[in-house]
Amino acid sequence: MTDHIDSTAQDHAAKGWDLHCHSAYSDGTETPEGLVLEAKRLGLAGVGITDHDTWAGWDEAVTAAERYGVPLVRGTEITADVDGTCVHMLGLLYDPTDPVLCDLFATTRENRVKRMKKMVENLSADYPISWDDVVGQVKEGEQTTIGRPHIADAMVAMGFFENRSEAFKHTINKNSKYYVPIVSPSAKTVVRAVKHAGGVAIIAHPAGATRNRSILTDEQIADVASAGLDGLEVFHRENSPEQQRRLLGLAKELNLLTTGGSDWHGSGKPNLMGENTTDPDVVAEIEARGAIAIIR
Ligand code: AMP
Ligand code: ZN
Ligand code: FE
Ligand code: FE
């Protein structure tokens with residue numbers, strides 16, 4: 001398994017699936033079709049569309065996947081909480097008509113808007129920014145899951161920063177005085193909702209340090225696993241090599257699948273599609289466990 005850590009992202013991309021990518025239905029910069037075309041250009045085995053707290057981009061992605069012959073995994077990156085630590089969960093191949101999961105998304109999306117309005121209010125004390133400026137950056141109207149990157153885009157448009165990363169570094173990161181957390185369900189609640197919808201539940205970037213002061217402990221991950229978790233996204237740029245080794249050990253101990261993804265956001269982040277991927281045998285197991293098929 002250590003091959004995964006020592007091999008370059010390029011080796012891994014050759015035959016892998018990138019199961020973590022965003023479109024403009026959340027905070028990515030490209031359409032679902034653009035996402036599928038990027039996977040085709042790179043020759044990936046397949047790609048996942050995983051916008052934050054929504055499946056609104058799925059239909060467009062399916063149309064593109066069928067047109068261009070790119071295998072597609074439908075999923076969502078779901079905002080969650082573990083003891084006050086913000087955790088992201090990937091829910092893959094679930095039934096999108098499931099009322100429990102759809103209600104959970106709707107609630108989080110409402111909480112996101114409330115939280116974003118508070119952040120804009122906080123920022124307006126020091127910057128001439130209004131809610132309309134942020135809404136002006138949204139590409140898919142009401143269907144878009146709004147987030148801090150849309151504030152960043154508004155500040156870039158007004159000339160305060162060069163790009164999203166600079167805006168995050170200077171004003172809207174977790175430690176800034178303008179930051180407001182999103183009220184979100186517990187990770188165990190999310191796992192149960194994803195399982196209710198027949199999907200596969202994976203903790204995204206479990207050792208990512210950028211959105212929290214501390215990362216999840218072994219005990220916290222084991223507790224989430226007790227609710228029926230399927231896997232850990234080990235191969236992600238926010239998990240250091242040392243953390244990837246720790247997560248591989250933990251996955252073995254807890255009998256969890258190990259996945260990889262780039263967290264591609266188009267031009268909104270430096271992450272390159274295919275820089276981390278998931279092995280085909282793991283994808284086959286995910287499909288066997290899921291409620292809906294991979295589009296091929
Ligand atoms: P939110 O969900 O509103 O808290 O915003 C978090 C989103 O912002 C995540 O999807 C990240 O990918 C994105 N993000 C975090 N840091 C940065 C950064 N430095 N540059 C661009 N996007 C970022
Ligand atoms: Zn994002
Ligand atoms: Fe994330
Ligand atoms: Fe993501």
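Remember, it's 1-based here, ligands and their atoms both numbered in the order they're listed.
With a heavy-atom cut-off of 4.0 Å, His205 does not touch ligand 1 at all. For Glu77, no heavy-atom contact with ligand 1 is shorter than 4.0 Å. For His52, every heavy-atom contact with ligand 1 shorter than 4.0 Å involves the side chain, none the backbone. Counting heavy atoms under 4.0 Å from ligand 1, residue His265 touches it through the side chain alone. The backbone and the side chain of Arg148 each have at least one atom closer than 4.0 Å to an atom of ligand 1 (non-hydrogen atoms only).
Protein atoms of type N/O/S that fall under 2.8 Å from the Fe ion (ligand 4) number 4 in this view.
Applying the 4.0 Å criterion to heavy atoms of Pro149 picks out, from ligand 1, the atoms 5 (O), 7 (C), 8 (O), 13 (C). Ligand 1 places these atoms under 4.0 Å from at least one heavy atom of Ser165: 19 (N), 20 (N). Here is the list of ligand 1 atoms found below 4.0 Å of a heavy atom in Arg115: 1 (P), 3 (O), 4 (O).
Of the polar atoms of Lys269, at least one N or O is found under 3.5 Å from an N or O of ligand 1, judged by distance alone. Remark: ligand 1 and Arg112 share an N or O pair separated by less than 3.5 Å (distance only, no angle test). Between Asp27 and ligand 1, at least one pair of N/O atoms sits closer than 3.5 Å.
His88 pairs in a side chain to side chain donor-acceptor pair (under 3.5 Å) with only one of the listed residues (Glu77, Glu233, His20), which is Glu77. The only option from Val200, Leu90, Asp230, Ile294 that meets the side-chain contact (heavy atoms from CB on, under 4.5 Å) definition with Ile286 turns out to be Val200.
Residues passing the salt bridge (Lys or Arg N to Asp or Glu O under 4.0 Å) test with Glu287 are Arg296, sequence neighbours excluded.
Ligand 1 lies out of reach of His22, whose nearest heavy atom is not under 4.0 Å from it.
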